[in-house]
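In what follows, a single structure is set out as structure tokens and then discussed.
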Amino acid sequence: MFRYATPLRDMRFVLHELLDAHACLARANPQTVWDRETIDRTIEAAGQFAARELAPLNASGDEQGCSLAAGSVVTPEGFALAYRRFVDAGWPTLACAEELGGQGAPSVVFSAMLETLYAANPGWTMYFGTARGAYECLQAHASAQQKAYYLPRVVSGEWATTMCLTEAHCGSDLGLLRTRATPQPDGSHRITGSKLFISGGDQDLTPNIVHLVLARLPNAPPGVGGISLFIVPKHLPQGEGLARASNGMTATAVEHKMGLRGSATCAMSFDNATGWLVGRENEGLRNMFVMINSSRIGVAVQAVGIGHAAYCSALEYARERLQMRAARGAARPDLAADPIIEHADVRRMLLTQKANVEAARMLVYWLSLLCDQQAQDPDQSARREATDLVGLLTPVAKAFLTENAFAAASLAIQIHGGHGYIRDHGVEQIARDIRIAQIYEGTNGIQGRDLLARKILADGGAKLDAFLDRVRRDVASEPIAAAAGFGAPLSSLCDEIRSSLEQIGEAARADAPPIGAAAWDFLRALGHLCCGWLYMRAAAIAQERIDQGSPDAFYPSKLATARFYFARLLPEARMHLAAARSGRTSLSELAQDQLFV
């Protein structure tokens, strides 16, 4: 059966021992109320809500899915009630500004909370998933009047949000979009066009939905430089209430998806809907990137949560399932056979899940803490460093972690054997739910190209060099980890990444295609370096606690998991670098017509 247990011990270790988050937050804002105890209480309460309210709806939401009647979506039974309880408990306000009715929680605390929701019920959580990005986008670019009207309702969770970007013919190439925005004398615009793959495009959880829509003004230049951003509410404001008639928009279809069936992914038609420009004309995609980048980090959080749910389910089954005897002899002679957790290959799969999920948690929480430092640290150089690291590593977190999470879900099916392939145990749902994460918010191939072309080669590798230097400094300052064999592999990997970049960059100067050919593999290698570096730091802390005589079994477990990562997973990085350096010849040697021979 589907299992989820909030990993409070590991969450606390990452937040307090590895990252020292409360101290970092206090340096950035001495007035912060988010001390260690408050953070712990918040995460524990989030886990309780997720387990009590959301996990019981996960399977039934998948089975029922969403339906469309007369242009309105009906969500699975229990979803609306769970959302009302979520709002009543104040969870939507967690990371929003206090002056807007929020609680002012740091991004790192929000990510920890969001992890528990995605782990327990990703379909339900999708309705809330865009709220953080929409809030940040409106904070950054909306007018004072727009902020005063929309933000309090978004912050409270009273109104939901969406982002309406792509169209049927566009995919990720938003420069092709055709939705039109016609200016009106009163300063509003009439929005006409069709949008596709809109998460929460319609639902019965909230009385109104704030759609953030990309569209073209008359005479706008072609391509992405001619896109503007508009607020288009489902229902128009009318005095203190809402107009009953829909604002010229209809959900024309609910997609029949492979997974996330509890989430209404809609095709939307806008027919002279009233909207208002956000920010300046023709800067819509740039403005929307505040929301897109926030959502990319949110997708990485989703990977942590769903990956952990896959691991929990597989671990529980492996402890209970009896099959054959262990190679070293009967581990449980009192039983007819041994639990499959005694078999080496099952251990390999479980440890791969565990190592990747715990690495993902470290990377996402650190990235979220950098977002807090980027926003609040009084030291300008620290803010610049945080900004550079967030820009460099957001595509890594989105792509590397979502692929690893899908692998964890696939391993959960494998550990269950034939029982994993049928619906009874719920792990096939985990695989279906997480698969889309490698596609939305920019496919992982796009993330790789963005990383290599825009984030690394565009500045001559300066941001990457700064990160590599940080890893090297930590290797030099962690004698415990170095002595345990963690330092040397990281140092040599740093050198190989840098030399590989030089080779790729030289080839790209002569011929652009090598960037596309190398990008995915280069991203995978850098992802392994990030996780290996964090494991080295975690291992040093664990070893220190063990040397101090701590009886906590958590520390030997963390140390063993780090050793597994370095022995079994980190070596993949060199394979990926070799592939990245191989160029495009093997990709282009066959002509298109030969691909079918």
Side-chain angles (χ1 to χ4, degrees), residues 1-5 7 9-10 13 306-361 403-431 434 481 483-486 488-489 524 528 531-532 535-536 538-539 542-543 546 550-576:
M1 297 296 291
F2 171 82
R3 299 272 200 261
Y4 170 65
R9 182 66 185 90
D10 195 56
F13 172 81
I306 299 180
H308 178 72
Y311 173 60
C312 285
S313 299
L315 179 61
E316 188 72 16
Y317 185 81
R319 285 170 170 164
E320 296 174 349
R321 174 68 169 171
L322 303 181
Q323 197 167 320
M324 299 184 290
R325 289 296 184 188
R328 65 179 181 273
R332 291 292 307 274
D334 55 316
L335 299 174
D338 287 330
I340 62 173
I341 199 171
E342 298 293 339
H343 303 312
D345 194 56
V346 174
R347 285 291 184 100
R348 174 191 63 81
M349 291 187 282
L350 288 170
L351 281 166
T352 300
Q353 289 178 308
K354 176 180 171 64
N356 277 331
V357 168
E358 292 181 9
R361 185 172 294 116
E403 289 176 356
N404 291 351
F406 181 68
S410 180
L411 288 173
I413 294 174
Q414 190 71 17
I415 290 167
H416 280 73
H419 292 284
Y421 198 65
I422 61 177
R423 301 199 64 180
D424 300 43
H425 288 270
V427 290
E428 56 83 34
Q429 182 191 340
I430 298 174
I434 191 57
F486 297 119
R524 291 290 303 175
H528 274 300
C531 293
Y535 261 124
M536 180 197 71
Q543 186 65 64
I546 292 168
S550 172
D552 191 343
F554 175 86
Y555 297 115
S557 172
K558 182 63 68 178
L559 191 57
T561 306
R563 288 180 180 136
F564 175 87
Y565 193 93
F566 273 74
R568 293 275 184 153
L569 302 181
L570 189 66
E572 294 174 2
R574 287 184 168 80
M575 175 197 72
H576 285 296

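Residue numbers count from 1 along this sequence. Just so it is clear, the values below take in all heavy atoms, side chains as well, and ignore hydrogens, waters and symmetry mates.
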Residues R325, E342: salt bridge by 4.0 Å N-O rule: no
Gap separating the CD1 atom of I415 from the CG atom of L350, nearest 0.5 angstrom: 4.0 Å
Modelled atom types, side-chain donor and acceptor of H528 and Y565, under 3.5 Å: yes
Residue R568 excluded, over 12 heavy atoms near CZ under 6.0 Å: no
Result of checking R319, R321, E320, R332 against P339 for side-chain contact (heavy atoms from CB on, under 4.5 Å): R332
Spacing of S557 atom OG and R9 atom CZ [to the nearest 0.5 Å]: 10.0 Å
Pair D10-H308, side-chain contact (heavy atoms from CB on, under 4.5 Å): steps then yes or no: CA-CA 11 Å; D10 195 56; H308 178 72; over 6 Å; no
Main-chain N/O of R423 paired to E428 side chain as donor or acceptor, under 3.5 Å: no
Worked check of side-chain contact (heavy atoms from CB on, under 4.5 Å) between I413 and I430: CA-CA 9 Å; I413 294 174; I430 298 174; over 6 Å; no
Where L569 and A355 come nearest, the two heavy atoms and their spacing: CD1-CB, 3.9 Å
Stepwise side-chain contact (heavy atoms from CB on, under 4.5 Å) test for D424 and H419: CA-CA 7 Å; D424 300 43; H419 292 284; over 6 Å; no
Inter-residue atom distance N356.CG - L351.CG, 0.5 Å rounding: 11.0 Å
Listed once per pair and sorted, the side chain to side chain donor-acceptor pair (under 3.5 Å) pairs that draw on residues 404-414, sequence neighbours left out: N404-R524
Which atom of A326 lies closest to which atom of D338, heavy atoms considered: N-OD2, 2.9 Å
Pairwise distance CD(Q353) to CZ(R348) - rounded to 0.5 angstrom: 10.0 Å
Geometric class of the Y317/H416 ring pair [parallel <30°, tilted 30-60°, perpendicular >60°]: parallel
Atom of K354, atom of Y311 and distance for their closest heavy-atom approach: CD-OH, 3.5 Å
Atom of A408, atom of A310 and distance for their closest heavy-atom approach: O-CB, 3.8 Å
Aromatic ring proximity Y535/F486, centre distance under 6.0 Å: no
Taking every non-hydrogen atom, the tightest pair across A405 and I434: CB-CG1, 3.8 Å
Aromatic plane relationship, F554 with F13 - under 30° parallel, 30 to 60° tilted, over 60° perpendicular: tilted
Over all atoms of both residues, closest heavy-atom pair of P556 and A553: CD-O, 3.3 Å
Sidechain-backbone polar pair: H343 side chain, Q323 backbone, donor-acceptor under 3.5 Å: yes
